[in-house]
There are 2 protein chains.
Amino acid sequence: MTADAKAVAMTASPPLTERQEARRRRILHASAQLASRGGFDAVQMREVAEAAGVALGTLYRYFPSKVHLLVATMQDQLQHMHTTLRKRPPAGEDPAARVAETLMRAFRALQREPHLADAMVRALTFADRSVSPEVDTVSRLTTAIILDAMGLEAPPTAEQLSAVRVIEHTWHSALITWLSGRASIAQVKIDIETVCRLITLTAPGAGPGSPDSA
Amino acid sequence: MTADAKAVAMTASPPLTERQEARRRRILHASAQLASRGGFDAVQMREVAEAAGVALGTLYRYFPSKVHLLVATMQDQLQHMHTTLRKRPPAGEDPAARVAETLMRAFRALQREPHLADAMVRALTFADRSVSPEVDTVSRLTTAIILDAMGLEAPPTAEQLSAVRVIEHTWHSALITWLSGRASIAQVKIDIETVCRLITLTAPGAGPGSPDSA
DNA sequence: ATCAAGTCTGAAACTTGTTCTACATTATGC
DNA sequence: GCATAATGTAGAACAAGTTTCAGACTTGAT
């Protein structure tokens with residue numbers, strides 16, 4: 001856990017004092033709270049500032065835009081989820097099943113706070129270049145979760161990393177279609193299971209020319 | 001072409017007069033123009049209205065929000081692209097190669113107007129429930145383009161449709177990562193080629209339990 | 001303890017999406 | 001043609017993200 005905390009702090013170049021760290025935490029908490037209530041629109045910068053007991057200007061010093069704030073909130077939540085997921089590793093036989101199980105577990109967690117999920121995912125996909133570093137961090141966290149779920153013995157091959165990238169794409173996009181009411185939960189499940197087949201396809205020994213060489 | 005035009009008009013319940021159709025077209029043109037200049041942020045409703053020679057209130061009568069406007073712009077552009085792509089069908093041997101080729105061709109077209117692509121894609125993923133019907137139309141258009149590229153003889157199976165859904169997810173998400181500068185064009189190409197393998201995997205006769213039955 | 005630099009506060013100002021209002025223009029049914 | 005409803009115009013007003021600024025508070029070095 002301490003290692004995780006350090007990993008978060010790592011992104012901020014100058015070390016924060018205790019009071020600053022506390023402010024930052026209050027802000028993120030207020031952000032998640034408001035997001036849980038009413039999603040992206042309910043996270044209003046003035047309200048976040050007031051709820052966190054901080055001046056508006058200070059909020060903007062810590063997070064230079066609403067999108068930055070929500071992406072940071074997502075980082076925070078993902079960190080939680082990663083440690084939670086690690087406690088009970090997926091039980092599937094093959095990597096594909098384990099990844100699908102893990103993602104569906106994460107999905108069910110998001111379902112419990114759909115408004116929060118909405119705020120975070122919308123911010124993530126709406127982010128422009130100025131938020132790239134932060135979005136990249138979220139992406140790396142997601143990759144780590146998927147690779148963890150695969151439970152590989154050897155380091156992943158280039159092909160497997162490509163598959164993971166595509167799985168991440170699908171995960172984000174499927175989440176969006178669900179959040180905007182254009183896909184059912186069952187549909188998301190199918191999409192995830194479909195894309196997870198790529199893992200089996202790219203397993204070492206299942207090369208493109210010889211899928212039957214095992 | 002006339003059939004396509006009718007397909008567009010189909011979404012608007014009351015038939016528009018000629019002058020109204022002209023206004024709508026001027027608005028969409030102004031939108032695309034401004035988007036091409038500076039992306040999502042450059043499409044400012046006041047400027048669109050002025051460039052289209054229309055009052056702000058009128059703009060909002062035609063398109064109830066900026067996102068609606070940009071999604072409609074995307075519909076328009078996709079329509080163009082679909083007819084363009086149809087003129088020279090992809091030459092690949094198998095469906096997977098044809099789809100990958102088609103999507104990369106579309107991608108290169110978007111590259112020529114990256115700001116426009118930015119505006120449209122950001123609007124698409126930022127759209128909330130109130131824009132679902134319009135976003136759905138865009139999704140159906142994309143599906144049609146992919147199915148077209150596959151060049152199937154028989155109607156697609158449920159599995160193939162799932163694969164197409166995942167391809168669409170990947171397409172949108174990969175586009176976003178490219179637009180926000182977090183992935184190179186080469187990376188997008190790899191992702192698309194990776195996901196297109198799902199097509200081969202789900203071809204009739206390549207069932208899940210017997211990939212080596214050919 | 002004190003000074004300087006950096007940080008935080010409170011509040012106003014600015015920007016841009018969206019809504020509203022009062023009036024002019026157009027279209028439609030008789 | 002004319003009444004009337006729908007549509008369009010100009011512009012003010014409102015909402016929320018963002019910026020700015022003057023002054024108060026912390027902090028760290030001397």
Side-chain angles (χ1 to χ4, degrees), chain A residues 12-28 30-31 34-35 37-73 118-120 122-123 126-131 134, chain B residues 12-28 30-31 34-35 37-73 118-120 122-123 126-131 134:
Chain A
S13 312
L16 299 181
T17 73
E18 205 157 317
R19 303 185 59 185
Q20 288 174 323
E21 188 56 48
R23 273 196 203 95
R24 188 171 191 281
R25 213 145 283 292
R26 286 205 308 279
I27 292 172
L28 286 176
S31 167
L34 288 170
R37 288 227 172 285
F40 189 88
D41 293 331
V43 180
Q44 301 195 357
M45 299 304 268
R46 287 169 178 80
E47 287 198 38
V48 172
E50 191 184 4
V54 130
L56 190 54
T58 306
L59 172 52
Y60 273 95
R61 174 186 290 274
Y62 281 74
F63 302 98
S65 79
K66 174 169 171 171
V67 169
H68 281 85
L69 170 58
L70 284 171
V71 171
T73 305
D118 169 78
M120 298 188 306
R122 294 262 290 287
F126 192 58
D128 66 353
R129 298 179 114 84
S130 72
V131 203
E134 288 81 0
Chain B
S13 312
L16 299 181
T17 74
E18 203 157 317
R19 305 184 55 179
Q20 288 175 322
E21 189 57 46
R23 272 195 204 95
R24 188 170 191 284
R25 216 147 281 293
R26 286 206 307 278
I27 292 173
L28 285 176
S31 167
L34 287 170
R37 287 227 171 285
F40 188 88
D41 293 332
V43 180
Q44 302 193 357
M45 298 303 268
R46 287 171 178 79
E47 287 197 36
V48 172
E50 190 183 3
V54 128
L56 189 55
T58 304
L59 171 52
Y60 273 95
R61 176 187 289 273
Y62 280 73
F63 301 98
S65 79
K66 174 169 172 171
V67 169
H68 280 86
L69 170 59
L70 284 172
V71 171
T73 304
D118 170 78
M120 297 189 306
R122 295 262 290 288
F126 192 59
D128 66 354
R129 300 179 111 84
S130 73
V131 204
E134 288 81 0

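Protein chains get the first letters and strands the later ones, always in sequence-line order, with residue 1 at the start of each. Note that the structure is predicted; figures quoted are calculated from it, not measured.
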Residue mapping more 5' on DNA chain C - nearest nucleotide basis, Thr58(A) or Val67(B): Thr58(A)

Is there side-chain contact between His68(B) and Tyr62(B), with heavy atoms separated by less than 4.5 Å? no

For Tyr60(B) and dT21(C), give me the distance from atom OH to atom P, rounded to whole Å. 17 Å

Return the 5'-most residue of the pair Tyr62(A), Arg46(B) with respect to DNA chain C, ranking by each residue's nearest nucleotide. Tyr62(A)

I need the CG-C1' distance between Leu56(B) and dT15(C), as an integer number of Å. 14 Å

Arg122(A) side chain near Asp128(B) side chain, heavy-atom distance below 4.5 Å: yes

Among Arg61(A), Glu50(A), Arg46(A), which residue satisfies the side chain to side chain contact (heavy atoms under 4.5 Å, CB included) criterion with Leu56(A)? Arg46(A)

With heavy atoms under 4.0 Å as the rule, sort Ser65(A) into base, sugar-phosphate or nothing. sugar-phosphate

Rounded off to whole Å, could you give me the CZ-to-C1' distance for the Phe63(B) and dT18(C) pair? 16 Å

How long is the line joining CZ of Arg24(A) and P of dC8(C), in whole Å? 13 Å

Rounded distance in Å - CZ (Phe126(B)) to C1' (dT16(C)): 14 Å

Between P on dG11(D) and CG on Leu59(B), what's the gap in Å once rounded to a whole number? 17 Å

Heavy atoms from C-beta onward define the side chain here; which of dT18(C), dT7(D), dT7(C) lies closest to that of Arg61(B)? dT7(D)

Would Lys66(A) count as a cation-pi partner of Phe40(A), with NZ or CZ less than 6.0 Å from the six-membered ring centre and within 45° of the ring normal? yes

Measure the spacing between CE of Met120(A) and OG1 of Thr73(A) and express it to the nearest 0.5 Å. 8.0 Å

What is the distance from CZ of Arg19(A) to C1' of dT27(D), rounded to the nearest Å? 10 Å

When we call it a touch if two heavy atoms are under 4.0 Å apart, what does Val43(A) touch: a base, just sugar-phosphate, or nothing? sugar-phosphate

Let's see if you can work this out: which of dG10(C), dT16(C), dT26(D) has an atom nearest to the side-chain heavy atoms of Gln44(B)? dT16(C)

Looking at dG8(D), I'd like to know if its phosphate oxygens (OP1 or OP2) sit under 4.0 Å from a side-chain N or O belonging to Gln20(B). yes

dT27(D) C1' sits how many Å from Glu21(A) CD, rounded? 18 Å

Which nucleotide in the list dT18(C), dG17(D), dT26(D) gets nearest to the side chain of Met45(A)? dG17(D)

